[in-house]
Every structure is written in structure tokens, then in C-alpha cells.
Amino acid sequence: MNNKRIFLSAPHMGGEELDFVRDAFSSNYIAPVGPQIDAFEQEFAEMVGAKYAAAVTTGTAALHLLLRYVGVGAGDEVICSTFTFVASVSPIMYQGGIPVFVDSDTVSWNMDPALLAGELEKRAAEDRLPKAVVLVHLYGQPADIDPIKEACDKHNVALIEDAAEALGAEYKGKSPGTFGKAGFYSFNGNKIITTSGGGMIVSDDEELIKKVKFWATQARDNAAHYEHTEMGYNYRMSNVLAAIGRGQLRVLDERVAGKRKIFDYYREGLSDLPGVSFMPEPDFARSTRWLTCLTIDPDQAGIDRDIVIQKLEENNIEARPAWKPMHMQPLYQDCQVVGGQVAEDIFAYGLCLPSGTSMTEEDLARIIAVVRGCWG
Ligand SMILES: *Cc1c(COP(=O)(O)O)cnc(C)c1O
């Protein structure tokens, strides 16, 4: 039997990337400035429906810049989805802030709007509103943004969208990441499109984009001798990587279609198994299905999620549990959490299956056979 390694979500180039990279080489812009960056930002902003964009080294750097922009400083509280990857939270710590976690709802697996609204009401009455809300759109699925934005607007709290995993998704027909004060995306190697590493900030606020670009290029004032009045970072994306990004943008729709097809294939092949439930897709969302996620209820299944991961690994197939909620992490165990049970259950039972769009039907059939085999 074919036993080649199947990864969770491997990079998948479209073909045009090298042409843009060649352009970057022939113009000798092997640098963190250049025409590929400008073009990538413009094309990206157009694609997601934002006015402005700023290309940076990583999604993590993007969030760091945005938190600084909205004024998060030492001792400031920031509300964040608990069900996420750690990079949604680390930049809060970089700024000396204190994360406060909010649980997921069961329809989207993302931040529960009612829990957030209730927490903001309570805090408003006590005059201790957070500096910002970081709303995560996980696994390619938008959160229920409207009520979340409404609650933030009501209390004048800045909303920042972590759409790192959600490029290509739609919330009521619009791209997640474009609803708040600003949003960001990631082009890390495992994301739906990749530049090997990279991130993008989008916003309709021109001043915001100018400022984050300034900070991202060492905060150099306008003087030939390198004058500095503010602290900056070296966070700008390289022109060569922007060239890869331009090629990848051109296949984004194809990738979304491919991811959704993989999800449907798994659903057809596995949903009859006792205890298996696939990640829902609410009416307001069109998910990219960046990763196919499902839960396995061990009482009904007679086996648990970890057995399936182990069997897949024995067959050289990479699968993972759902993200471990931030309030359960040793690093954040002393932080406040609002609710928590929904995310804890998803973590306890959740499984992410390989979802790379370069997989073949044979790969998928191999995975399905191994998973089905776990039920005996
Ligand atoms: C990948 C990711 C990030 C960070 O992006 P990098 O480009 O890897 O720094 C942030 N949030 C979420 C939810 C992610 O999946």
C-alpha cells in the first residue's frame, strides 16, 4: 500500500508564483520594499473588499501592530476568543496587556456574541471596559460578526479581527477581517494560501495603515540621516515573498473550492459512523473549510479521538486534535474566562483531518479507510 506522508495542510503553489518571483529578481528588489509589495497590497485589498492593506512578516506581527495602534499598553485588558491558536494572544502579552477569554458558541465554534455582550455590559457598569476585542475566525469559518460588532460599537471598544485562517470565507457575502477597526490574515505555510511566511493587515482607515507601515519599517522619520522619535519594528514583508503571494492570490478561489470538496468527501465517507459530527456551517457563513474538523463522542463511538489520531499516525498520516483553548493553557491559567465549556468540549472531542488541496482522491480514500477501520 502507498504509504507516503500525508500532511495536515501542505503548501500548494498555483504556477504563476515563479513568474512574479522572476520579476522581483530581474528588478533586483530582493528587499522589504518594492513593486511586488505595493501590487500585492492593492490586489489583496481589492479581493477582500477593504480600502487599504499593509503586508508584514507574519500574522502575529500584524496583530502586534494593531494592538499598539488601538492603544493597548501595560495592564490593559483585551478580550479574546479562547478557542484559538496562541498567536491570537501572544501580541497582547507583547504590549503588557492582560487577556480575558470568551467561550465559543455551538453554531460557529467561534466567539459567542451573547457572552461577549453580557461581559461588556457588566464591565461598562463597573467602568472597566477592555481596550480591545480580538475576534478570531477559526478553521476558515466566520464568527457571527454583526452582534459582536454591535456590542463593541455600543461601548466604543475597538474590534480587531483575526482572520488568519479565514481568507476566502464570507460573512453575509463579505470577507471576515473587513468588519472591525482592522483585520489581519496569515500566509504561514499551512494557511489556505502561503508566502512561506507572511501577514496582511486590512482597514478602511488610511491613517491606521500609514502608521502600522511606519512602525513596521523601524519607525524611520522622514530624514536622510535616520531620525527616530518613536520605537519601531522590522516587520515589513519582503518583496520576494509578496511576489509569491500575488501568484497565490490568483488561485484562492480554486483553493476554497478544493477545501470545500475535501470536506464534502469526508462527510460522505464518515458521517454514518456512530458518534461523528462535522463542524457546522451557520446560515450567515460560507466557510472555506480550511481544515476539515469533526467531533467524536466516545460514548456513542466506543472509541475516542486520540485512537483515531494514533491509527492515522501509524499509517503516516498527520491529524490533530482541535486547538486547546487558551484558558486551559498553563501560560494563561490565571486569566479570566467567560464561559468555557463549549470550547473545552470541542477540544476534548475535536479532530482535524488532513485538508491539503494537493491531496489526491487516493490519499483521501486512504485516510477514510484508516478512520473507518477504527470503528472495527
Ligand atoms: C496562523 C495564525 C496566526 C498567526 O499567523 P502567523 O503568520 O503564523 O504569525 C494567528 N491567529 C491564528 C488563528 C492563526 O491560525
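Counting starts at 1 for both ligands and their atoms, in listed order. Throughout, residue positions are numbered sequentially from 1 according to the sequence presented.
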- Message: A cation-pi test, strictly: NZ or CZ of Lys191 under 6.0 Å from the centre of the six-membered ring of Tyr185 and no more than 45 degrees from its axis. Yes or no?
- Response: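 No, Lys191 and Tyr185 do not form such a contact.
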
Are there any N/O pairs under 3.5 Å between ligand 1 and the protein, and if so, what are their distances?
{"from": "ligand 1", "atom 1": "5 (O)", "to": "Ser186", "atom 2": "OG", "distance (Å)": "3.3"}
{"from": "ligand 1", "atom 1": "7 (O)", "to": "Gly59", "atom 2": "N", "distance (Å)": "2.7"}
{"from": "ligand 1", "atom 1": "7 (O)", "to": "Ser186", "atom 2": "OG", "distance (Å)": "2.7"}
{"from": "ligand 1", "atom 1": "9 (O)", "to": "Gly59", "atom 2": "N", "distance (Å)": "3.3"}
{"from": "ligand 1", "atom 1": "9 (O)", "to": "Thr60", "atom 2": "N", "distance (Å)": "2.9"}
{"from": "ligand 1", "atom 1": "9 (O)", "to": "Thr60", "atom 2": "OG1", "distance (Å)": "2.5"}
{"from": "ligand 1", "atom 1": "11 (N)", "to": "Asp162", "atom 2": "OD1", "distance (Å)": "3.3"}
{"from": "ligand 1", "atom 1": "11 (N)", "to": "Asp162", "atom 2": "OD2", "distance (Å)": "2.8"}
{"from": "ligand 1", "atom 1": "15 (O)", "to": "Glu165", "atom 2": "OE2", "distance (Å)": "2.6"}
{"from": "ligand 1", "atom 1": "15 (O)", "to": "Lys191", "atom 2": "NZ", "distance (Å)": "3.3"}

- Please state whether the rings of Tyr226 and His228 are parallel, tilted or perpendicular, taking 30° and 60° as the class boundaries.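 Because their plane-to-plane angle is under 30°, the rings of Tyr226 and His228 count as parallel.
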
- Answer with yes or no whether the side chains of Ser203 and Tyr69 bring together a donor and an acceptor at under 3.5 Å.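 Not at all, the side chains of Tyr69 and Ser203 share no donor-acceptor pair under 3.5 Å.
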
- Is the distance between the ring centroids of Phe40 and Phe187 less than 6.0 Å?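 Here the rings of Phe187 and Phe40 have centres that are less than 6.0 Å from each other.
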
- Item | Qualifying ring pair (Phe, Tyr, Trp, His ring centres under 6.0 Å) pairs, either residue in residues 99-123, two or more places apart |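 Sorted result for residues 99-123: Phe101-Tyr332.
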
- CG/Asn156 to NZ/Lys154 distance, rounded to the nearest 0.5 angstrom?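 Between Asn156 CG and Lys154 NZ, I get 13.0 Å after rounding to 0.5 Å.
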
